[in-house]
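Written below as structure tokens is the structure these notes are about.
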Amino acid sequence: MNKRTAQYDLEERTAKFGESIILFCKSLTQDTILKPLISQLIRSSTSIGANYMEANGASSKKDFKNKIFICKKETQETKHWLRMIASHSPDKKEKIIVLWKEAQELTLIFNKITTTLK
């Protein structure tokens, strides 16, 4: 798959986003505050790709739209957890900004998909 194709392959993009979050979380030093935030961040960010794959296998238009809406919600939740981690670990802010921007782009993509289906 060439770079241009990969950019528009949402399954691959959401999987790579989840992997990026996992790698980022591995770089964090866990403490009592950060541990639950990391757990929540990994759950929400990896759920995006899983729900998108489920949407692609949806049994109806309604099912597809519902799964895409869940993708959007999980992406928004991911942005929240990134913000909370940034407040705890300001030294990681540069990487968090990159991840947050990708989450924002995914939010806009999923929003466009849901509004197009109305």
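Computed from heavy atoms alone, side chains included, the values below leave out hydrogens, waters and symmetry copies.
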All pairs passing salt bridge (Lys or Arg N to Asp or Glu O under 4.0 Å) where residues 22-37 contributes a residue, at least two apart:
none

Who pairs with A58 by side-chain contact (heavy atoms from CB on, under 4.5 Å), at least two apart in sequence or on another chain?
D63, F64

Return the set of residues passing side-chain hydrogen bond (donor to acceptor under 3.5 Å, both in side chains) with K112 (not counting sequence neighbours), or none when no residue passes.
none

Rounded to the nearest 0.5 Å, what separates atom OG in S45 from atom CG in L99?
9.0 Å

T107-T75 side chain donor-acceptor pair, cut-off 3.5 Å
no

Are the side chains of T29 and L34 in touch, meaning some heavy atoms are under 4.5 Å apart?
no

Under the side-chain hydrogen bond (donor to acceptor under 3.5 Å, both in side chains) test, residues paired with N66 that sit two or more places apart
none

Please list, chain by chain and in numerical order, all residues satisfying side-chain hydrogen bond (donor to acceptor under 3.5 Å, both in side chains) with Q30, sequence neighbours excluded.
none

Inter- and intrachain pairs under side chain to side chain donor-acceptor pair (under 3.5 Å), touching residues 93-102, at least two apart:
R13-E102

The side-chain contact (heavy atoms from CB on, under 4.5 Å) partners of M84 (sequence neighbours excluded) come to L37, H80, W81

Does any pair with a residue in residues 15-24 pass salt bridge (Lys or Arg N to Asp or Glu O under 4.0 Å), and if so which ones, sequence neighbours excluded?
E12-K16

Residues that K92 engages under side-chain contact (heavy atoms from CB on, under 4.5 Å), provided they are two or more places apart:
F24, S27, L28, S89, I96

Side-chain heavy-atom pair T46, I21 within 4.5 angstrom cut-off
no

What residues form a side-chain hydrogen bond (donor to acceptor under 3.5 Å, both in side chains) with S39, not counting sequence neighbours?
R43

In one Ile/Leu/Val/Met/Phe/Trp/Tyr side-chain cluster, 4.5 Å: I70, L41
no

Return the minimal non-hydrogen interatomic distance between I48 and F110, and the atom names on each side.
CG2-CE1, 3.7 Å

Filter on salt bridge (Lys or Arg N to Asp or Glu O under 4.0 Å), then keep only pairs touching residues 69-86, sequence neighbours left out; what's left?
none

Shared ILVMFWY cluster between I33 and I38, side chains joined below 4.5 angstrom?
yes

S44 and T78 have their tightest heavy-atom pair at OG-OG1, 2.9 Å

Decide side-chain contact (heavy atoms from CB on, under 4.5 Å) for N51 and T14; before the verdict, give the C-alpha distance in whole Å, the side-chain angles of both, and the deciding distance to 0.1 Å.
CA-CA 10 Å; N51 279 293; T14 56; over 6 Å; no

Interatomic distance, OG1@T116 vs CG@N111, rounded to 0.5 Å, equals 9.0 Å

Less than 4.5 Å apart, side chain to side chain, heavy atoms only: is that true for Y52 and I68?
yes

Just jot down the salt bridge (Lys or Arg N to Asp or Glu O under 4.0 Å) partners of E54, sequence neighbours excluded, or say none.
K67

